[in-house]
Amino acid sequence: MANFLAIQNNQVFRHFAWWSAAMSVKMMCMMPLIGRQRFRKKIFMTPEDCAFIGKSAKVAFDDPDVERPRRAFLNDLENIVPWFICTSVFLTTSPPPALAINLIRAFGISRIVHTIVYAVIPMPQPARVVAYAVGYAITVYQAYLTLLHYT
């Protein structure tokens with residue numbers, strides 16, 4: 001019980017827990033965004049979905065309005081899951097609190113910005129690649145520091 005309370009009172013862990021939950025909520029918010037586009041355009045992935053909606057619905061896999069938020073969600077899966085794993089292990093190295101907290105915050109903000117400029121209010125490059133690169137670099141940096149620590 002004492003270890004749990006120590007972890008719960010640890011400021012770095014509290015930031016990690018909060019941003020992990022925020023990233024999970026952000027990813028869950030992508031489903032309604034994708035669904036909204038599917039229902040608005042009446043474009044679905046399976047014939048049974050189309051039959052449920054009606055005769056005006058069709059199966060398609062190439063509609064840009066549906067594919068944009070779907071690809072943003074896939075990008076989240078490719079980046080948030082590895083970040084979560086790398087950060088979980090990185091925190092076992094007892095990093096300097098200010099460094100760890102700022103890396104965690106920067107990653108979370110970069111993923112939110114990535115979603116906004118990719119799926120919510122599409123903006124021209126390099127907005128999306130910069131948001132992506134910040135989050136990716138943070139994950140790689142944390143993994144590198146962890147590897148150094150445990151070598």
Side-chain angles (χ1 to χ4, degrees), residues 4 7-8 10-93 95 98-148 150:
F4 176 74
I7 290 171
Q8 193 176 27
N10 181 312
Q11 197 66 358
V12 174
F13 181 78
R14 291 170 55 90
H15 274 84
F16 175 61
W18 192 92
W19 279 102
S20 294
M23 292 297 96
S24 296
V25 169
K26 189 199 92 51
M27 288 177 68
M28 289 186 291
C29 288
M30 295 302 292
M31 296 346 154
L33 192 60
I34 296 165
R36 182 186 75 180
Q37 293 295 68
R38 287 196 183 284
F39 279 94
R40 185 175 69 83
K41 304 279 295 266
K42 296 184 179 175
I43 295 174
F44 299 93
M45 294 182 73
T46 63
E48 54 270 18
D49 292 343
C50 292
F52 178 73
I53 300 303
K55 292 182 182 183
S56 61
K58 65 181 180 177
V59 173
F61 300 99
D62 60 352
D63 184 82
D65 294 330
V66 173
E67 286 302 303
R68 183 170 285 275
R70 195 181 72 75
R71 285 191 315 266
F73 174 72
L74 291 175
N75 192 278
D76 280 347
L77 285 175
E78 294 167 355
N79 289 277
I80 292 173
V81 173
W83 169 80
F84 180 79
I85 295 166
C86 284
T87 304
S88 297
V89 178
F90 172 64
L91 294 182
T92 69
T93 69
L99 174 66
I101 289 169
N102 285 320
L103 289 173
I104 290 166
R105 284 180 183 159
F107 179 87
I109 291 167
S110 76
R111 292 311 305 171
I112 292 167
V113 169
H114 181 270
T115 297
I116 291 168
V117 301
Y118 193 11
V120 179
I121 305 167
M123 296 179 76
Q125 289 287 23
R128 187 174 82 227
V129 75
V130 169
Y132 167 82
V134 168
Y136 184 80
I138 288 168
T139 304
V140 168
Y141 181 63
Q142 290 179 155
Y144 172 73
L145 291 178
T146 302
L147 288 170
L148 282 179
Y150 286 110

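Numbers here are sequence positions counted from 1. Quick caveat: nothing in here was measured; it's all calculated off a predicted structure.
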Report summary line: CD1 (I101) and CZ (F13) are apart, to the nearest 0.5 Å, by 13.0 Å
Query raised in the report: Does CD1 belonging to I121 count more than 12 external heavy atoms closer than 6.0 Å?
Result: no
Query raised in the report: Given side chains that start at C-beta, do those of R40 and D65 come closer than 4.5 Å, heavy atoms only?
Result: yes
Which pairs of donor and acceptor atoms, one on a side chain in residues 16-32, lie under 3.5 Å apart (sequence neighbours left out)?
unit_1	atom_1	unit_2	atom_2	d
S20	OG	F16	O	2.8
S24	OG	S20	O	3.1
K26	NZ	D76	OD1	3.2
K26	NZ	D76	OD2	2.4
K26	NZ	T115	OG1	2.5

Query raised in the report: If you look only at pairs with a residue in residues 117-131, which of them pass as a salt bridge (charged side-chain N to carboxylate O under 4.0 Å, His left out), with sequence neighbours excluded?
Result: none
Query - S110 to V134 - nearest heavy-atom pair and separation - result: CB-CG1, 3.8 Å
Query raised in the report: So, do T139 and F84 sit near enough that their side-chain heavy atoms are less than 4.5 Å apart?
Result: no
Query raised in the report: Parallel, tilted or perpendicular for Y132 and Y136, by the 30°/60° rule?
Result: parallel
**Report entry** Gap between atom CD1 of I80 and atom NE2 of H114 - 0.5 Å precision
**Finding:** 10.0 Å
**Report entry** For the student: nearest non-hydrogen atoms of P82 and L77, plus distance
**Finding:** CD-O, 3.8 Å
Query raised in the report: Which atoms form the tightest heavy-atom contact between A119 and R68, and what is the distance?
Result: CA-CG, 4.1 Å
Report task. Would you check if N75 and R111 make a side-chain contact, meaning some heavy-atom pair closer than 4.5 Å? Result -> yes
Report task. Using a 4.5 Å cut-off on heavy atoms from C-beta on, say whether the side chain of F90 contacts that of L103. Result -> yes
Report task. Can you measure from CD1 (I34) to CD (E67) and round to the nearest 0.5 angstrom? Result -> 9.0 Å
Report task. Applying side-chain contact (heavy atoms from CB on, under 4.5 Å), run through M45 and R38 and close with a yes or a no. Result -> CA-CA 9 Å; M45 294 182 73; R38 287 196 183 284; 3.2 Å; yes
**Report entry** Non-hydrogen atoms of L91 and A100 that approach each other most closely
**Finding:** CD2-CB, 4.1 Å
Report task. Give a yes or no on whether the backbone of C86 and the side-chain of Q142 come within a donor-acceptor separation of less than 3.5 Å. Result -> no
Query raised in the report: Does any N or O in the side chain of T92 come within less than 3.5 Å of the main-chain N or O of S88, such that one atom is a donor and the other an acceptor?
Result: no
Query - Gap between atom CD1 of I138 and atom CD1 of I109 - 0.5 Å precision - result: 9.0 Å
